[in-house]
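We number each residue from 1, following the sequence as shown.
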Amino acid sequence: MQARRRHVRACRVLVAALTLLTTLLFLTGVVTRGFVRSSDTPAGRLFVTPRRLPLSLGAVREATRAAPPADAVLLPDWEVLVVLHPNASAPAGDNATACEFRGGASSPARALGRLPSSGRHAYMCAMPEPARRRQPFHAPCIVASSATAKDAVVDRGSAGRSPNLMLKWSGRLVYDSVVVDDGDVLVFAKGVNPRQGVNRAASDVRCVYYRGSTDVVVASLPAATSAQQVFRCPPPPATAEPATPELRVTLAIVGEQPIPSLATYSPARSGSAAAAEKKRRRQICACTMVRDVGKFLREWVVYHAAVGVERFLLYDNGSEDDLAEQVRRLRSEGMDVSTLAWPWPKTQEAGFSHGAAVHRDRCEWVAFIDVDEFIFSPRWAKSGQPAKSMVRSIVAVRPEVGQVWVGCMDFCPSGRSTHPAQGVTQGYTGRRRAVERHKSLLRLDAVDPSLVNSVHHFALRPGARAEWNRWARVNHYKYQAWEQFRLKFRRRVSTYVSDWTARVNLQSKDRTPGLGFDAVEPAGWAHKFCEVNDTLLRDVTRRWFAAGHLLLLP
């Protein structure tokens with residue numbers, strides 16, 4: 001009995017000692033660190049909410065030895081985006097991975113690839129119900145989900161307990177950054193300019209560079225532009241550029257705390273790499289944002305490659321279908337198709353700003369169109385075969401023209417109740433009579449430095465202008481069979497487009513006339529909007545692609 005009492009007393013003493021030690025560590029800043037002013041920071045205190053919170057002495061010790069943990073963002077519908085530390089490696093081969101949350105709950109992790117700006121590996125997973133009850137939310141660890149693949153651990157943070165608090169997409173957040181060819185840094189942030197056409201003055205925004213491992217601010221500089229979710233910043237001083245320790249960037253609205261950030265800063269590429277990229281520059285590219293469009297991709301790429309588009313840039317917004325396999329097949333056939341991971345929800349404008357800024361060495365002109373949109377001219381209808389000069393003729397304009405607008409024809413369900421197996425150009429032959437909107441082909445060196453855009457057309461720098469092309473058009477296969485069209489209710493990619501479930505902007509052209517606020521098929525949907533029978537593109541593609549190795553029809 002006495003031995004048992006002595007054991008209990010010893011355990012109590014040990015617990016008290018550990019509690020005291022943890023408290024001391026907390027007070028001295030080992031456990032919790034905020035931004036620390038450095039001597040070169042302008043007057044004014046810069047702090048952010050602490051984000052490293054190990055829960056035990058053991059975790060603190062492990063944190064001092066392990067690489068900094070992953071960043072994680074809680075997205076809508078309890079999805080979690082995990083971005084590994086720049087020094088972390090992805091699993092080799094096809095090793096399956098999982099998100100491991102505090103408390104032991106886990107869920108399968110889907111690899112999204114490397115983020116285009118930082119090269120960091122990104123993963124997506126669902127947050128399990130048990131993990132939702134453990135607040136505050138901490139970033140999960142990415143681990144091998146197979147018991148036989150224990151050596152394939154990607155990033156366990158601190159002994160399997162990542163100390164980073166999870167960021168929330170619902171508030172202000174700096175989510176990416178990239179260095180462009182003139183040395184400026186584009187910082188992508190949500191919540192700073194919350195409404196379309198209403199942008200905070202650049203003079204009210206500062207660009208803050210800090211050490212990721214110590215949170216010490218090394219520079220605070222005024223932003224040059226502020227538009228939508230894109231902010232142009234000067235680079236940090238050369239003395240602050242070394243990659244070790246990791247340099248991060250965020251924004252601070254004057255008079256407020258800096259915004260939470262997961263964006264890293266990487267200096268510009270070497271001159272030789274940039275020169276090699278410029279040698280491979282194409283005259284005409286197509287850029288789009290995609291999600292689960294694998295079954296549409298081949299038709300779109302093969303057609304446009306035949307009429308003059310030389311390179312295809314796909315910003316992948318979290319596809320879960322066979323997009324990667326479709327891209328692999330097209331590349332094996334000689335098509336220049338590349339994908340860039342862009343997992344951020346409802347950021348199409350920002351993604352296209354990224355594309356217009358970073359691909360200037362790769363493309364002269366870019367068509368910003370979707371995979372259900374086909375550039376076409378009735379002049380081509382009698383051609384016996386496609387020609388690379390067809391799209392090039394659309395951009396054969398005077399030097400001051402930096403953007404060419406073409407009208408858009410919206411096609412209808414054409415009596416179909418299911419997706420046409422032969423492709424959209426073959427299955428949909430009815431359309432609306434009026435031209436509802438326009439799309440554009442953009443010369444990248446004519447873009448305004450703010451990069452402001454309305455998805456399919458951009459503001460131009462002073463001296464450049466836009467011009468209409470009246471003999472070309474875009475066939476937009478917008479109103480498809482209901483089983484396909486209803487998928488658009490699940491997720492909209494454009495930042496400033498209202499969700500169809502919200503009862504706002506009822507007169508917007510983005511809304512479908514007569515469509516309600518739920519994914520319920522309206523009466524007579526299969527025949528709506530079919531005012532004109534238009535088989536021009538159907539007939540020409542049958543003639544061009546019905547046989548041979550460039551088979552278009554799926």
**Message:** Quick one: does any side-chain atom of Ser261 pair with a main-chain N or O of Val249 as donor and acceptor, under 3.5 Å?
**Reply:** yes
**Complete:** CZ of Arg311 to CZ of Arg280, rounded to nearest 0.5 Å, is 7.5 Å
**Request:** Report yes if the side chains of His359 and Arg281 come closer than 4.5 Å at any heavy-atom pair, otherwise no.
**Result:** no
**Request:** For the pair Asp181 and Val358, evaluate side-chain contact (heavy atoms from CB on, under 4.5 Å) and give the outcome as yes or no after the intermediate values.
**Result:** CA-CA 7 Å; Asp181 55 3; Val358 305; over 6 Å; no
**Item:** Geometric class of the Tyr479/Phe485 ring pair [parallel <30°, tilted 30-60°, perpendicular >60°]
**Value:** tilted
**Message:** Pair Lys168, Val73 - check side-chain contact (heavy atoms from CB on, under 4.5 Å), show working.
**Reply:** CA-CA 5 Å; Lys168 293 183 179 181; Val73 183; over 6 Å; no
**Trace of the side-chain hydrogen bond (donor to acceptor under 3.5 Å, both in side chains) decision for His354 with Ser117** = CA-CA 9 Å; His354 183 281; Ser117 302; 3.0 Å; yes
**Item:** salt bridge (charged side-chain N to carboxylate O under 4.0 Å, His left out) between Asp534 and Arg473, worked out
**Value:** CA-CA 13 Å; Asp534 185 341; Arg473 74 189 197 194; 2.7 Å; yes
**Prompt:** Between Phe545 and Tyr303, what is the ring plane arrangement, given parallel below 30°, perpendicular above 60°, and tilted in between?
**Reply:** perpendicular
**Request:** Let me see the working for Arg200 and Ser226 under side-chain contact (heavy atoms from CB on, under 4.5 Å), right down to the final yes or no.
**Result:** CA-CA 6 Å; Arg200 189 181 300 273; Ser226 164; 4.2 Å; yes
**Fill in**
Residues Gln228 and Leu451: closest non-hydrogen pair is OE1-O, 4.4 Å
**Verdict with supporting geometry, Arg331 and Glu333, salt bridge (charged side-chain N to carboxylate O under 4.0 Å, His left out)** = CA-CA 5 Å; Arg331 290 174 64 89; Glu333 296 174 21; over 6 Å; no
**Item:** Nearest heavy-atom neighbours spanning Ala357 and Arg360
**Value:** O-CG, 4.0 Å
**Prompt:** Given the side-chain rings of Phe296 and His419, with only the six-membered ring counted for Trp, is the space between their centroids under 6.0 Å?
**Reply:** yes
**Message:** Using 0.5 Å steps for rounding, measure from the CG atom of Leu537 to the OG atom of Ser377.
**Reply:** 11.0 Å
**Item:** Aromatic ring pairing Tyr477/Phe374, orientation class (parallel under 30°, perpendicular over 60°, tilted between)
**Value:** perpendicular
**Audit row: Arg432, Asp410, salt bridge (charged side-chain N to carboxylate O under 4.0 Å, His left out) steps and yes/no** = CA-CA 6 Å; Arg432 304 186 75 172; Asp410 291 342; 5.1 Å; no
**Prompt:** Which is it for Glu521 and Lys528 under the salt bridge (charged side-chain N to carboxylate O under 4.0 Å, His left out) test, yes or no, and what are the steps along the way?
**Reply:** CA-CA 11 Å; Glu521 181 175 359; Lys528 280 185 177 294; over 6 Å; no
**Request:** Please step through side-chain hydrogen bond (donor to acceptor under 3.5 Å, both in side chains) for the pair Arg542 and Gln426, ending with a clear verdict.
**Result:** CA-CA 8 Å; Arg542 283 183 178 180; Gln426 305 304 303; 2.8 Å; yes
**Asked** How far apart are the C-alpha atoms of Lys346 and Gln229, what are their side-chain angles, what is the distance that settles it, and do they pass the side-chain hydrogen bond (donor to acceptor under 3.5 Å, both in side chains) test?
**Response** CA-CA 11 Å; Lys346 289 180 68 66; Gln229 293 189 359; over 6 Å; no
**Prompt:** Is there a donor in the side chain of Thr425 and an acceptor in the side chain of Glu299, or the other way round, less than 3.5 Å apart?
**Reply:** yes
**Request:** For the pair Met409 and His476, evaluate side-chain contact (heavy atoms from CB on, under 4.5 Å) and give the outcome as yes or no after the intermediate values.
**Result:** CA-CA 6 Å; Met409 297 292 187; His476 183 190; over 6 Å; no
**Message:** Using modelled atom types and a 3.5 Å cut-off, is there a donor and acceptor pairing between side-chain atoms of Arg443 and backbone atoms of Val401?
**Reply:** yes
**Item:** Shortest non-hydrogen contact from Val208 toward Ala252
**Value:** CG2-CB, 3.9 Å
**Request:** Check the angle between the aromatic planes of Tyr209 and Tyr265 and answer parallel, tilted or perpendicular using the 30° and 60° thresholds.
**Result:** perpendicular
**Request:** Before giving the answer on ring pair (Phe, Tyr, Trp, His ring centres under 6.0 Å), spell out for Phe312 and Trp300 the whole-Å C-alpha distance, their side-chain angles and the decisive distance to 0.1 Å.
**Result:** CA-CA 10 Å; Phe312 299 86; Trp300 185 76; 5.6 Å; yes
**Prompt:** Is there side-chain contact between His457 and His438, with at least one heavy-atom pair below 4.5 Å?
**Reply:** yes
**Prompt:** Taking all non-hydrogen atoms of both residues, which atom of Gly308 and which atom of Ile284 are closest, and how far apart?
**Reply:** O-CB, 3.9 Å
**Prompt:** Just wondering, do Val192 and Phe231 contact through their side chains at under 4.5 Å, heavy atoms?
**Reply:** yes
**Request:** Give the minimum heavy-atom separation between Val540 and Ser383, together with the two atoms involved.
**Result:** CG2-O, 4.4 Å
**Asked** Got a donor-acceptor contact below 3.5 angstrom from the Arg232 side chain to the Leu186 backbone?
**Response** no
**Request:** Drop me the distance from Leu297's CG to Asp292's CG, to the nearest 0.5 angstrom.
**Result:** 12.5 Å
**Request:** Would you mind telling me which of Met289, Lys478, His456 makes a side-chain contact (heavy atoms from CB on, under 4.5 Å) with Asp370?
**Result:** His456
**Message:** Taking the side chain as everything from C-beta on, heavy atoms only, tell me whether Leu460 gets closer than 4.5 Å to Asp448.
**Reply:** no
**Request:** Would you confirm whether Arg416, through its side chain, and Ala481, through its main-chain N or O, come within 3.5 Å as a donor-acceptor pair?
**Result:** no
**Request:** Using a 4.5 Å cut-off on heavy atoms from C-beta on, say whether the side chain of Leu444 contacts that of Trp365.
**Result:** no
**Between Asn453 and Ser353, a side-chain donor and acceptor under 3.5 Å** = yes
**Message:** So which atom in Ser319 and which in Val290 form the shortest heavy-atom distance, rounded to 0.1 Å?
**Reply:** OG-O, 4.0 Å
**Prompt:** Is the cationic atom of Lys439 (NZ for Lys, CZ for Arg) positioned less than 6.0 Å from the six-membered ring centroid of Trp405 and within 45 degrees of its normal?
**Reply:** no
**Message:** Under 4.0 Å between a side-chain nitrogen and a carboxylate oxygen: does that hold for Lys295 and Asp322?
**Reply:** no
**Asked** Should Val337 and Leu314 count as side-chain neighbours, where that means a heavy-atom distance under 4.5 Å?
**Response** yes
**Prompt:** About how many Å separate CG of Asp316 and OG of Ser338, when rounded to the nearest 0.5 Å?
**Reply:** 11.5 Å
**Prompt:** Is the shortest heavy-atom distance from the side chain of Tyr315 to the side chain of Cys287 under 4.5 Å?
**Reply:** yes
**Message:** In terms of relative ring orientation, are Tyr175 and Trp342 parallel, tilted or perpendicular, with 30° and 60° separating the classes?
**Reply:** perpendicular
**Request:** Please round to the nearest 0.5 Å and tell me the distance separating atom CD of Glu364 and atom CD of Glu310.
**Result:** 9.5 Å
**Message:** As a test of understanding, state which of Val366, Leu442, Val452 forms a side-chain contact (heavy atoms from CB on, under 4.5 Å) with Phe458.
**Reply:** Leu442
**Message:** Distance alone, cut at 3.5 Å: any donor-acceptor contact between the side chains of Thr264 and Arg248?
**Reply:** no
**Prompt:** So do Trp169 and Pro76 actually touch side chain to side chain, heavy atoms under 4.5 Å?
**Reply:** yes
**Asked** Atom CG of Leu441 and atom CD of Gln403: how far apart are they, to the nearest 0.5 Å?
**Response** 9.0 Å
